[in-house]
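Shown next, in C-alpha cells, is the structure this report addresses.
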Amino acid sequence: HVGGYEDEDMGADGQCPVFNPERLGLHLPDNFQQQELDFFSLFFDDAVPDRMAASTNEYAWLRVSDPTAKVSSYTDAWPETGGAEMRKLLGEILYMSICSLPNLEDYYRVTPPLHGNWARAFVDSRARFLALMTFLHVSSCAEEDPGDRLRKVCWLN
C-alpha cells in the first residue's frame with residue numbers, strides 16, 4: 001500500500017534523507033507584531049473565516065429547511081453568520097481551550113463566582129454559540145469529493 005505506515009522512509013538511493021534545515025524554530029514574518037491577533041492570523045487569513053461562514057450558512061439552511069430534521073430552539077431560525085462572527089467563534093473556541101471550565105453554561109454565567117468570564121465578549125449568547133457549533137462547516141457540501149479523506153480541509157493548503 002503506497003503512502004501507508006508500511007512505506008520505507010528511504011530515498012531513491014536506499015539511504016535515509018538527511019534532515020538539514022537552514023534555521024530551526026518558528027519562522028515569523030519580519031512585520032510580526034507579537035499580538036494575539038497577529039499570531040491567530042498566521043494560521044487563519046481573512047479568507048478562512050469568510051469561507052467557513054459561507055459553508056456554515058449553506059449547511060444550516062440545508063438542515064433548517066429539511067422538514068424531517070429535528071431542530072431545537074436555538075437552531076429553528078437561522079440568522080446568517082459572517083466572517084466577523086466566525087472569527088469571534090474561533091477566538092471563543094481557542095479561549096475555551098485555554099480557560100477550561102466544568103460546563104459550557106459556566107462560560108456564560110452572570111452570577112458569581114463566574115460572572116466575570118469573557119466568553120460573552122466573543123459570541124453574543126450561549127444559544128448562538130450552540131447554533132454555530134451545530135452547523136459549523138469548513139467546506140461546502142456541494143464541493144466535497146466523497147473519495148477524498150481530507151475533503152473537509154483540503155482547501156486550507
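FYI, the numbering just counts along the sequence from 1. What you see is a predicted model; the values in this text were computed from it and never measured.
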With sequence neighbours excluded, residues passing salt bridge (Lys or Arg N to Asp or Glu O under 4.0 Å) with Glu80 | none
If you round to the nearest 0.5 Å, how far is CD of Glu85 from CD of Glu92?
-> 10.0 Å
Which heavy atom in Ser139 sits nearest to a heavy atom in Glu144, and how many Å separate them?
-> OG-OE2, 2.6 Å
Please work out whether the ring planes of His137 and Tyr59 are parallel, tilted or perpendicular, with thresholds of 30° and 60°.
-> parallel
Donor-acceptor pairs under 3.5 Å, side chain of residues 96-103 to any protein atom, not counting sequence neighbours: which ones?
{"residue": "Ser97", "atom": "OG", "partner": "Leu94", "partner atom": "O", "Å": "2.6"}

Which one of Leu136, Val138, Thr134 satisfies the side chain to side chain contact (heavy atoms under 4.5 Å, CB included) criterion with Thr56?
-> Leu136
Measure across Ala53 and Gly83 and return the closest heavy-atom pair with its distance rounded to 0.1 Å.
-> CB-N, 3.8 Å
Does the distance from a Lys or Arg side-chain N to an Asp or Glu carboxylate O, for Arg51 and Glu143, drop under 4.0 Å?
-> yes
Side-chain donor or acceptor of Arg151 paired with backbone N/O of Asp148 under 3.5 Å = yes
Indicate if Trp61 and Leu89 have the same hydrophobic cluster label, given that clusters are the connected sets of ILVMFWY residues with side-chain heavy-atom separations under 4.5 angstrom.
-> yes
Please identify each residue that fulfils salt bridge (Lys or Arg N to Asp or Glu O under 4.0 Å) with Asp46, with sequence neighbours left out.
-> Arg87
Any Met86 side-chain heavy atom under 4.5 Å of Val48 side chain = no
Tightest non-hydrogen contact, residues Ser140 and Ser55, listed as N-OG, 3.3 Å
Close side-chain approach of Trp78 and Asn57, heavy atoms under 4.5 Å = yes
Test side chain to side chain contact (heavy atoms under 4.5 Å, CB included) applied to Arg128 and Thr81, step by step = CA-CA 10 Å; Arg128 182 62 175 167; Thr81 186; 3.6 Å; yes
